[in-house]
Amino acid sequence: MEIERKYLIGCLPENLDSYSAHKIEQGYLCTQPVVRIRRQDDSYILTYKSKGLMVREEYNLPLTREAYLHLKEKADGTIISKTRYQIPLTDILTIELDVFDAPFEGLILAEVEFPDEKMANDFIPPDWFGEDVTFSPAYHNSTLSQIKKSPFK
C-alpha cells in the first residue's frame, strides 16, 4: 500500500547537493491501471499501481536491464527523466524531491510517504512546500507521460 502526499515546489531548498540523489527514468506501459517501468541508477523495476490519489495499492517487481530496455520500446507517451533527492524530514518520514528534466523542466514535486492514513491526513508540510496537489491526478507521473508539450516552462 502506498500512502503519499504530493506538493508543488517553487524554489529548491538550500544545500540540495548535500542530500543523496538518484537519477530516474521511467515509462508507462499502461496508465489505467498504472503499469510502469523504472530505471533508478543501476536498478530496474516493474511497478503496478491501482486507482487512487493519496492511497493506492502498489506492487514492485525486479527487472533485468535487458527486460527494462525491451519494455522501454513499448512504453506509451513520453519517457520521464528526473533527479530524486532524498531529504530526511523526521525519524520516519523522508521528502522525495523530484526535479524533472526535459520536456518537463521547471516542474519540481515533493512527495512524502506515510505509514498510515492518519499520519498523512495530519501532516503539516514544511514552509517551503507549495500547493498540495495530492488529490490532482494531473500531477501523477503517469498523467504527465501522456502530455506532448510541457506547461511547466
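These numbers were taken from a predicted model, which means no experiment stands behind them.
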### Task
Indicate yes or no: does Glu111 engage Arg84 in a salt bridge with an N to O separation below 4.0 Å.
yes
### Message
Please find the pair of heavy atoms, one from Met54 and one from Ala120, that lie closest to each other, and give the distance.
### Response
SD-CB, 3.9 Å
### Task
Spell out, as yes or no, whether a donor-acceptor pair under 3.5 Å connects the side chain of Ser145 to the backbone of Gly77.
no
### Query
How many angstroms lie between NZ in Lys6 and CD in Glu96, if you round to the nearest 0.5 Å?
10.0 Å
### Over all atoms of both residues, closest heavy-atom pair of Thr134 and Arg5
OG1-CA, 3.3 Å
### Query
Atom OG1 in Thr47, atom CD in Glu58: separation rounded to 0.5 Å?
5.5 Å
### Query
Is the shortest heavy-atom distance from the side chain of Leu97 to the side chain of Leu16 under 4.5 Å?
yes
### Query
Do you reckon Leu8 sits in the same ILVMFWY cluster as Leu89, going by side-chain contacts under 4.5 Å, direct or chained?
no
### Task
Find out whether Glu2 and Lys49 are in side-chain contact, i.e. whether some heavy atom of one side chain is under 4.5 Å from a heavy atom of the other.
yes
### Query
Does the side chain of Pro125 reach to within under 4.5 Å of the side chain of Asp132, using non-hydrogen atoms?
no
### Query
Is there a donor-acceptor pair closer than 3.5 Å between any side-chain N or O of Thr78 and the backbone N or O of Ile80?
no
### Query
Looking at OG of Ser81 and CD of Glu105, how far apart are the two atoms once the value is rounded to the nearest 0.5 Å?
10.5 Å
### Query
Does some side-chain heavy atom of Leu93 sit less than 4.5 Å from a side-chain heavy atom of Phe114?
yes
### Message
I want to check something: taking the side chain as every heavy atom from C-beta on, are Glu117 and Val55 in contact at a cut-off of under 4.5 Å?
### Response
yes
### same_hphob_cluster(Leu144, Phe135) at 4.5 Å side-chain heavy-atom cutoff
no
### Query
Would you say the side-chain atoms of Asp116 pair up with the backbone N or O of Met119, donor to acceptor, closer than 3.5 Å?
yes
### Task
Would you check if Ile95 and Phe129 make a side-chain contact, meaning some heavy-atom pair closer than 4.5 Å?
yes
#### Entry: Same apolar cluster: Tyr85 and Phe100, side chain cutoff 4.5 Å
no
### Query
If you round to the nearest 0.5 Å, how far is SG of Cys11 from CD1 of Ile108?
8.0 Å
### Message
Under the rule for side chain to side chain contact (heavy atoms under 4.5 Å, CB included), what residues qualify as partners of Ser142, not counting sequence neighbours?
### Response
Tyr28, Thr31, Val34, His140
### Message
With a 4.5 Å cut-off on side-chain heavy-atom distances among I, L, V, M, F, W and Y, is there a chain of contacts connecting Val133 to Phe123?
### Response
no
### Task
Determine which pairs satisfy salt bridge (Lys or Arg N to Asp or Glu O under 4.0 Å) with at least one residue from residues 20-42, sequence neighbours left out, and list them in order.
Lys23-Asp101, Glu25-Arg39, Glu25-Lys72
### Task
Using a 4.5 Å cut-off on heavy atoms from C-beta on, say whether the side chain of Phe104 contacts that of Val99.
no
### Query
Which is it for Tyr59 and Glu57 under the side chain to side chain donor-acceptor pair (under 3.5 Å) test, yes or no, and what are the steps along the way?
CA-CA 7 Å; Tyr59 301 97; Glu57 290 182 60; 2.5 Å; yes
### Message
Under a 3.5 Å cutoff, is there a donor and acceptor pairing between the side chains of Gln146 and Asp76?
### Response
no
### Closest approach of Pro137 to Thr143 (non-hydrogen atoms, all atoms of both residues)
O-OG1, 2.8 Å
### Task
Examine Ile24 and Leu12 and state if one hydrophobic cluster contains both, with Ile, Leu, Val, Met, Phe, Trp and Tyr joined whenever side-chain heavy atoms are less than 4.5 Å apart.
no
### Task
State, yes or no, whether a side-chain contact exists between Asp98 and Thr83 at a heavy-atom distance under 4.5 Å.
no
#### Entry: Point-to-point distance, once rounded to the nearest 0.5 Å, from OH of Tyr48 to SG of Cys30
9.0 Å
### Message
On a heavy-atom basis, which atom in Leu71 and which in Leu29 lie closest, and how many Å separate them?
### Response
O-CD2, 3.5 Å
### Task
Compare every heavy atom of Leu109 with every heavy atom of Tyr139, then report the nearest pair and how far apart it is.
O-CD1, 3.8 Å
### Message
Looking at every heavy atom in both Ile9 and Gly130, which two are closest together, and how far apart are they?
### Response
CD1-N, 4.2 Å
### Query
For the atom pair OH (Tyr19) and CD (Gln86), what is the distance rounded to the nearest 0.5 Å?
12.0 Å
